[in-house]
Structures are given as structure tokens and as C-alpha cells.
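Since the model is a prediction, treat every value here as computed from it, not as a measurement. All values below come from the heavy atoms of this structure, side chains included, with hydrogens, waters and symmetry mates left out.
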Amino acid sequence: MILAGSEALTAMNRERPTILLVEDHRTTCTFLADNLTVDGYEILVADRVKDALRLLATKFPDLAIVDLGLPDTDGLELLRDVRDADGAAGRIDRHIPLLVLSGRTSELDRLRGFERGCDDYVSKPFSYRELRARIEALLRRTERKESRGLLRVGPIQIDPLARQAWLNGDCLELSKKEFSLLRALASEPTRVFTREELLHGVWGYTTIGRTRTLDSHAYRLRRKLGEGGDRFVVNVWGIGYRLMDGTVDGAQT
Amino acid sequence: MMITAGGWIVAFTVAAWALRLRSVLAWRMELLARACHELRGPITAARLGLDLIAREDGARPDTVTAIDLELASAGVALEDLSAAGAGLRGPWRIEAVDVTALIAQSVEALRPLALARGVELDLGWRGEAGLFPADRLRLAQATGNLIANAIEHGRGRVELCGRADDAGLEITVTDRGEGLPAPVADLVVRPRGGRGRRGRGLAIAAEVAQRHGGRLVARSDEHGSHVALELPLRPQPPA
């Protein structure tokens, strides 16, 4: 089952990016979460590595802020687990931006953090405004990387910046969410995206429930892709959807 | 070579003392590291809490900024403490500093102390305002110490006056007291743990001046006692 790598999905949710805050100092955690919430971020909180890994695998945050001195395991282990995540079999996005927030301030500590895969390292105590600027910079960098260039899947062509899609050169009239769904699926053709990933990434849902939203949009997207639409947007029963180039028939399950 | 029994005893005693000293030093370093760890969390939380307060209606921006400057300065002191544990000096960050705003924040932060002691605190600036290359927090540390000293040990009104020109920056603190009990150079040298709080604050201010390539000077005249930070326009890298 291929489930990892939600970069394109997270880009869809950029209007209100989700940040996982891994911090065990309760007051710091509360005040930082409150500040970030006021600034428009959606916040997930964990005070130990075990919970952080669970949230990374189920909620697909856009960025994680990680303290190093955690009660169960060193935060450096969390960095290693994320960067070593199996892109083919795991549920954790190994490319998620990781920002370390630590009281370990020496050059050696910083080097260890970067060696284990963090993207930025901020020492405590810090200025909130500087931290927020660094978060924005990391999110911008991720978004730019994701949104660059045209996507092609067989006869389907997608321009993420212009939010236009074509089938055999004919422009498709897609709604906003239909386009976002197509773009998400086209970011990694043939990969199976879970229902949870798509509902979170495209619609911003954090709890899934028994919604039919995804299925109805997938149905309409198929219809707009013409008679062979179901050869492109393939329902993988019980798991989610994937985008094929139209040369292979049917779902594989 | 023959070593006598007395020689063995001396060697053993020296080795035992060395081991004991090493153990004591290691314990002190551990205490230092623990203290730094315990301070880091509260300072971080306090700054974040202050950011939340600043967003509320009715928050006084000047007061919030002044408190944030104090907490940031405490953070610098923590960095120094942490670096000292490793036998190093704290980091040094030169940036373009709005000195007029900075000294206003220092005054605001110390106004409650002045009020409590019945001291009137005045702020002035001569000449054109502008940005000056300096380590902002260390400059605030120096200015804060000079004002606190004047409030605590001087008499009457305390005035803080800044002036910048092509040559450099001068920040002078004036009080109506009798002046320093000894020349600055003597007060900032602190044999056997120092001569009390006044010397320590002046030593910090003098070091900040020195690390900016400048100096701390004192003089007295009919207007009172003046202590001034004199910094050249192009600061030298710290020693």
C-alpha cells in the first residue's frame, strides 16, 4: 500500500496551514499554540515523540516544530524517524519541514539537529516574531517547490499556477475542488491516496466521518474527463483514489 | 631515581586534591547547566505570554516593548552563562539599531524602579536620530545598568541623553549625586568577587563599550555626575 508523501495535498490546505507542535513545557506550549492560532495556523499538539509520530501519520501537518528534550525519547529520534520514513509503505511524509525549537544552543547541538534532518533550528528563548517569520519562510519554500511547473499524466495536462487543466489539449471546465482533487492526484500519478489524505488536503477536513464529498467530486471529475474518465480517476475500494494515464483499465483491488 | 616515602605521600595528596577539584568543578558545571535549563523555559514562556498580551485591547505597547526588551536581555545573560560553562563568551550580533527607540525602552523598563525610589527619570536626544551599528541587546544591557545605578546610588533627577554623529554614539546618564566613589577603571576591575552591585553594573557596561570598540567614562561638574558610554561608528569585532 502506497500512502506516504502528502506534499501536494498540504499545498492545497495552505490557506490555513497545520502545524504540529511537539513541546513538553506546558506553558511554552500553550502560549506558542495560542499565538500561532491567532496568526491563522491550525495547531496540533504532542508532548512526546510517540504521540507526535501518530499525529504525523494521521493528520498530515504542513510543518512540525520539535523540542528536543522530550520525556519519552530525544526529539532527535523523531527527526530521524521522519526522515527515514518509508515513502512506499509508511504514512509519514518524510519531506515535511521540521523546525527544531530547543534549549540546546551550542554549535554541536545545532549541527546534530541539521545532521538528523531539521530544516531550521531556533534556540530558546526566542522572539516569537522571528519564529513566525521562519515558519513562513519554510512554508513558502515548500509551496514554491510543489507548485512549480506543469504536470502531465498521459493526455491530461495541469497548470497549477493558472489552475487550468486540459485533456488532449481541450480545456476542462472544473470546479475549484475538482481541480484541486485532480492536481492532488496528479502530483504522484499511480500512487494511491487515502480518503483521509484527500479529504484533509483538498477540503481541509481533520475528522473524516462518513462523508460522500470525495466520492461525489471524483464522480463529477470522471464525467468531465469524458467517456473514459473512470480509466483516469480510479477508485481503489476501501482505500481511496489514484490517477492513471488512461491506458490501464479499472481499479486494482 | 629513588622516591622517598614522604615523596609518595605528597604525590598521593596532590593527586587526591586534583581529583577532588575535578569532581567539584564537574558538579558546579552541572549546577550551571541545570540553572540554564530551568531559566530557559520560564523566559521563553514569559516572552510568548507577553506576545499574547500585546494582542489584547488596552495593552500598552510601550510597556510591552520595554518588558520584552528586559526578557530578551535576560536571554542574553542566559546565553552568557551557558557559554561561560563551556569556557566561552556569549554570541555577538551587530545590527542596525534604532538607538533613540532603544534608550526610550530602557527608560520605560526602569521607570517603575525610579517611581518606587522617588526619582524623576528624563530622556533626551541631541542631534539627528538614526540607525547605529551595535549589538542591540547588549547595548540595552549597558544602558539599563547605567540607569539602574544612577537611580540606586545617585541623588535627585536622573537624565539619560543620547547623541549620535559621524564620529559615533554617546549615551550619558546624569544624576545629582557626588559621582562614582573611584575612577571607572578601578571600579570595573573586580578583585575577589567585586565591590558590590555598583561595580558589577559598571563592569558590564564597560565591557559592552569595550566590545563595541568604545569606552565607559565618568566625570563630574556643576550639573552633577555623568557616566557615558562612548562608542565609535564602526565597532570592532569582539575580542
S.K.: Please rank B:Leu52, B:Leu71, B:Asp68 by heavy-atom pairs under 4.5 Å with chain A and give me the top one.
M.R.: B:Leu52
S.K.: Which atoms form the tightest heavy-atom contact between A:Pro125 and B:Gly75, and what is the distance?
M.R.: CG-CA, 3.8 Å
S.K.: Is there any residue in residues 27-39 of chain B with a non-hydrogen atom under 4.5 Å from a non-hydrogen atom of chain A, and which ones are they?
M.R.: none
S.K.: Taking side chain as everything from C-beta outward and backbone as N, CA, C, O, which of these in B:Leu78 sits under 4.5 Å from a heavy atom of chain A? Side chain, backbone, both or neither.
M.R.: side chain
S.K.: Only pairs of heavy atoms separated by less than 4.5 Å count here; which of A:Val38, A:Leu101, A:Leu131 has the most with chain B?
M.R.: A:Val38
S.K.: Strictly less than 4.5 Å between heavy atoms, which residues of residues 98-107 of chain B line up against chain A? Please order them by number.
M.R.: none
S.K.: Between B:Asp51 and A:Arg132, does any NZ, NE, NH1 or NH2 come within less than 4.0 Å of an OD or OE carboxylate oxygen?
M.R.: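 Salt bridge flag = no for B:Asp51 with A:Arg132.
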S.K.: Non-hydrogen contacts under 4.5 angstrom with chain B: give the residues of residues 24-33 of chain A involved, or none if there are none.
M.R.: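 A:His25, A:Thr27, A:Thr28, A:Phe31, A:Leu32, listed by number.
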S.K.: Any side-chain heavy-atom pair from A:Lys124 and B:Ile43 closer than 4.5 angstrom?
M.R.: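 The answer is no; the side chains never approach within 4.5 Å.
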S.K.: Do any of residues 102-113 of chain A have a heavy atom less than 4.5 Å from a heavy atom of chain B, and if so, which, in residue order?
M.R.: A:Gly103, A:Thr105
S.K.: Can you establish whether the number of heavy atoms outside B:Arg111 located under 6.0 Å from its atom CZ is more than 12?
M.R.: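 Counting neighbours around CZ of B:Arg111, more than 12 heavy atoms of other residues, nucleotides or ligands fall under 6.0 Å, so yes.
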S.K.: Give me the atom names and distance for the closest heavy-atom approach of A:Tyr128 to B:Arg55.
M.R.: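 Distance-wise, the nearest heavy atoms are CE2-NH2, 3.3 Å.
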S.K.: Output the distance between atom OG (A:Ser127) and atom CG (B:Leu48), rounded to the nearest 0.5 Å.
M.R.: 9.5 Å
